[in-house]
Amino acid sequence: MAKEKLVFFCKECGHETAKWTGQCPGCHAWNTMVEGLKPSKQASRYVTGDNLKQNSPEKITEVTIEAEDRYTTGISELDRVLGGGIVKGSLTLVGGDPGIGKSTLLLQMCRNLSAMGERLLYVSGEESLKQIKMRADRIGDFTDNLLLLCETSLDRILDFVVNGANKPEVVVIDSIQTVYKENVDAAPGSVSQVRECTSAILHVAKQYGISVFIVGHVTKEGVVAGPRMLEHMVDTVLYFEGDNVASYRMLRAVKNRFGSTNEIGVFEMRNTGLSEVLNPSEYMLSGRPEHEPGDAVTCALEGTRPIMVEIQVLVCQTTFNYPRRTAVGIDFNRITLLMAVIEKRMGIHMGDYDAYVNIAGGMKVNEPALDLALVAAVISSYRNRAIPDGMLIMGEVGLVGEVRGVSMAVKRVNEAVKMGYKTCIIPKSNMEAIEDIIKESQIKCYGISNIRELAELI
Ligand code: TYD
Ligand code: MG
């Protein structure tokens, strides 16, 4: 038997070297090289010579796509992120922090698919059958089409998938860090295991047209554990993110070979599993106080989806030597910068005042389009006068106090119309684009070019 060769991989970029180094020669990250086995050159046992021979070049115009190549999952927010449903034979990675709801989401998807008559296999290396059943009981009723398997040996899992009596059409593997291949001499979750297992799963998915979902845990640094190579290998990478305190969750496509990466899905964790949030703006603005100073509404974009958010600011006389500034859900530096702009360009002395800023609902937004609403909320709190109800404020604020245009203004104003808002304060340069909406909906729009004009309008 040939001697197995030890090599070193970078945990971040997957770069391979023969010698250990402190710094990865590929991505220059420090302390990321780990020992592993050289990936085997021989093809996976599921790829046979016969199968490879059948492949020959085809004219692009003659390739046909059938409508049934996609399954709908019955969860419209998930379908949206996947680009219109699960593609047959695709490999999807679902990443996210522990406890965010990855297993719950996939089990709910299995439930819907099995009710539609699809055959499914849910493999768990983390939970026992009883634990899965307990979760399933909270989610709802299941049919016989869903099989459960608690197994960590990938060879046995794939044997079942390929040779089992009930060949599944969709397989979920929870999680890639717990499965192992017997011929790879490394611990489960290590770089070589994750890499070899994913490549074996990929072969099976492509060769047998089985759609596979793999769950990947996210490390402290926020990347899916194992090499970034995992992301290169799979067709679709979905990240499930959210706040531990807030009950809403966002599913984001980071990579998608079958659709756009601009889509997000919004969910809420309830005691019966995840429920879809079809109107995130309404969800974010629910419980918003009325006629309160320091409260402004703006429209942020998540991918291509407009979401109205509420910005709350509390400005009060400082009792410290230096004024305090705190920010929740928004970039701290942006606040100090905007406070300086307000001080200089509007002549309001902010140096004696503390400012506390919060995005209600636990959302995190990082977009310059929020600047103007933040400025408005600061002024409103400082003067102790509420911003009129039903007013949307958006625009980027520059250092000389100018208000600059925002991207996709039409979408944002449309969202305000949908939510029944009556007035909008927007950058002057965006006015032309939204003329049609003003005519159709009678929403009042004021275009401004400097933050000084804002003071009069609110
Ligand atoms: P889980 O799906 O196990 O997360 P992951 O697989 O990403 O680690 O997350 C479950 C969390 O959600 C857990 O903390 C309990 C909670 N939960 C509910 O609040 N309601 C429910 O109906 C279910 C099934 C879970
Ligand atoms: Mg889980």
Side-chain angles (χ1 to χ4, degrees), residues 73-75 77-78 81-82 86 91-115 120-143 146-152 154 157 170-180 188-189 193-194 197-198 201 212-226 230-231 234 236-254 264-278 283 361-362 364:
T73 62
I75 305 175
E77 295 287 295
L78 179 59
V81 180
L82 287 170
I86 307 172
L91 182 58
T92 307
L93 171 70
V94 181
D97 290 333
I100 199 84
K102 302 179 291 295
S103 310
T104 309
L105 179 71
L106 292 176
L107 198 61
Q108 268 177 274
M109 179 190 85
C110 288
R111 172 182 168 246
N112 292 351
L113 286 171
S114 69
L120 295 116
L121 175 67
Y122 185 99
V123 185
S124 182
E126 305 197 328
E127 292 164 305
S128 66
L129 288 177
K130 280 208 186 85
Q131 281 172 310
I132 301 172
K133 176 71 180 153
M134 267 156 62
R135 187 201 306 272
D137 282 343
R138 298 173 76 168
I139 293 173
D141 301 325
F142 283 74
T143 70
L146 174 63
L147 299 181
L148 298 178
L149 178 67
C150 289
E151 179 62 77
T152 49
L154 190 73
I157 295 170
V170 179
V171 176
V172 174
I173 297 181
D174 189 1
S175 65
I176 188 72
Q177 275 96 7
T178 53
V179 294
Y180 67 96
Q193 278 291 4
V194 167
C197 289
T198 311
I201 295 169
V212 185
F213 283 78
I214 52 182
V215 171
H217 290 292
V218 166
T219 59
K220 275 209 296 297
E221 293 86 36
V223 292
V224 172
L230 200 57
E231 289 187 12
V234 302
T236 306
V237 180
L238 306 180
Y239 273 96
F240 210 18
E241 50 189 47
D243 218 52
N244 283 346
V245 258
S247 59
Y248 84 92
R249 308 272 190 269
M250 258 183 214
L251 188 67
R252 206 183 285 278
V254 180
I264 60 153
V266 186
F267 296 89
E268 186 189 2
M269 187 57 100
R270 300 228 179 118
N271 54 7
T272 51
L274 289 158
S275 86
E276 301 172 61
V277 177
L278 297 173
Y283 180 74
K364 284 191 185 63

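All values below come from the heavy atoms of this structure, side chains included, with hydrogens, waters and symmetry mates left out. Residue numbers run from 1 in the order of the sequence given. Note that ligands are numbered from 1 as they come in the structure, with each ligand's atoms numbered from 1 the same way.
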Q: For Asp174 and Ser103, run side chain to side chain donor-acceptor pair (under 3.5 Å): C-alpha distance rounded to whole Å, both residues' side-chain angles, the deciding distance at 0.1 Å, then the answer.
A: CA-CA 7 Å; Asp174 189 1; Ser103 310; 2.7 Å; yes

Q: Tell me the protein heavy atom at minimum distance from atom 6 (O) of ligand 1, and give that distance in Å.
A: Ser103 OG, 2.5 Å

Q: Using the side chain to side chain contact (heavy atoms under 4.5 Å, CB included) definition, which of the options Thr152, Leu154, Val194 pairs with Tyr180?
A: Thr152

Q: Name the closest protein heavy atom to atom 19 (O) of ligand 1, giving the residue it belongs to and the distance to 0.1 Å.
A: Met269 CG, 3.4 Å

Q: With heavy atoms under 4.0 Å as the rule, classify the contact between Arg138 and ligand 1 as side chain, backbone, both or neither.
A: side chain

Q: Check whether any side-chain heavy atom of Glu77 sits under 4.5 Å from a side-chain heavy atom of Val277, and report yes or no.
A: no

Q: Considering only heavy atoms from C-beta outward, does the side chain of Arg252 approach that of Leu238 to under 4.5 Å?
A: no

Q: Apply the side chain to side chain contact (heavy atoms under 4.5 Å, CB included) test between Glu151 and each candidate in Ile173, Val179, Ile157, Thr178; give the one that qualifies.
A: Ile157

Q: Would you mind running through ligand 1 and noting each atom that sits below 4.0 Å from a heavy atom of Arg270?
A: 18 (C), 19 (O), 20 (N), 21 (C), 22 (O)

Q: Quick one: which of Leu105, Leu146, Leu121, Val170 gives a side chain to side chain contact (heavy atoms under 4.5 Å, CB included) with Cys110?
A: Leu146

Q: Using non-hydrogen atoms of the residue, decide whether His217 is closer than 4.0 angstrom to ligand 1.
A: no

Q: Within the protein, is there a heavy atom lying under 4.0 Å from atom 15 (C) of ligand 1?
A: no

Q: Give the residue and atom name of whichever protein heavy atom lies nearest to atom 4 (O) of ligand 1, and the separation in Å to one decimal.
A: Gly101 N, 3.1 Å

Q: Tell me whether ligand 1 is touched by Gly273 - counting only heavy atoms on the residue side and a distance under 4.0 Å.
A: yes

Q: If you measure from atom 8 (O) of ligand 1 to every heavy atom of Gly99, Ser175, Gly95, which option wins on shortest distance?
A: Gly99

Q: Decide whether an N or O pair under 3.5 Å exists between Asp174 and ligand 1.
A: no

Q: Closer than 4.0 Å to some heavy atom of Thr104 - which atoms of ligand 1 meet that?
A: 1 (P), 2 (O), 9 (O), 10 (C), 24 (C)

Q: Would you call Ile100 and Arg249 a side-chain contact if the rule is heavy atoms closer than 4.5 Å?
A: yes

Q: Examine Glu127 against ligand 1 and note whether any of their N/O atoms are separated by less than 3.5 Å.
A: no

Q: Between Gln108, Gln131, Glu126, Arg135, which one has a non-hydrogen atom sitting closest to atom 24 (C) of ligand 1?
A: Arg135

Q: Hey, is Thr272 touching ligand 1 through its side chain, its backbone, both or neither, going by heavy atoms under 4.0 Å?
A: backbone

Q: Are Arg135 and Glu127 side-chain neighbours, meaning at least one heavy-atom pair lies under 4.5 Å?
A: yes

Q: For the pair Ile214 and Val94, evaluate side-chain contact (heavy atoms from CB on, under 4.5 Å) and give the outcome as yes or no after the intermediate values.
A: CA-CA 6 Å; Ile214 52 182; Val94 181; over 6 Å; no

Q: If we set the cut-off at 4.0 Å for heavy atoms, which region of Pro98 has an atom near ligand 1: side chain, backbone, both, or neither?
A: backbone

Q: Taking side chain to side chain contact (heavy atoms under 4.5 Å, CB included) as the criterion, tell me which of Ile176, Leu93, Ile201 meets it with Val234.
A: Leu93

Q: Are any non-hydrogen side-chain atoms of Leu82 and Thr92 less than 4.5 angstrom apart?
A: yes

Q: Is the contact between Val215 and ligand 1 made by the side chain, the backbone, both, or neither, using heavy atoms and a 4.0 Å cut-off?
A: neither

Q: Could you tell me whether any N, O or S atom belonging to Ser124 is less than 2.8 Å from the Mg ion (ligand 2)?
A: no

